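Start at 1 with the first residue, then count along the sequence. Remember, predicted model here, so these are calculated numbers, not experimental data.
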Amino acid sequence: MGSKMAAATRVVQVVKPHTPLIRFPDRKGYPKLNVSQHSVGGKSSGLPMNHGPPDTAEIVKTLPQKYRRKLMSPEEIEFIQRGGPE
C-alpha cells in the first residue's frame with residue numbers, strides 16, 4: 001500500500017526545452033565552392049598538392065622524447081607476431 005501512496009503523491013516536473021550553446025550561421029544563401037584536389041592540364045595553381053595532415057614520420061621526428069613511443073625488443077615483436085602466449 002505504501003507504493004500506491006507514493007505514486008499518488010508524485011510531483012510531475014516540466015522539462016525545459018533544450019537551448020543550444022553553439023549557434024552556426026545560416027549558409028543556405030552561400031554558393032558551394034567547387035574545389036578540385038588536382039591541377040587541370042598540368043598547370044600549377046600555386047597551392048601545395050598535399051592538403052591533408054602532415055606526414056606521420058615528420059610528426060614523430062618533432063615530438064619530444066617523453067612523448068615518443070618506446071622501442072620494442074625483438075622478444076616483444078615475436079610475442080605480438082605469434083598472437084600472444086603459446
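Judged as a side-chain contact (heavy atoms from CB on, under 4.5 Å), and not counting sequence neighbours, Arg23 has no contacts. In this structure, Lys70 has no salt bridge (charged side-chain N to carboxylate O under 4.0 Å, His left out) partners at least two apart in sequence or on a different chain.
One distance of note links CZ of Arg68 with NZ of Lys61; it measures 10.0 Å at 0.5 Å rounding.
Minimum heavy-atom separation, Leu71 to Glu76: O-OE1, 4.2 Å.
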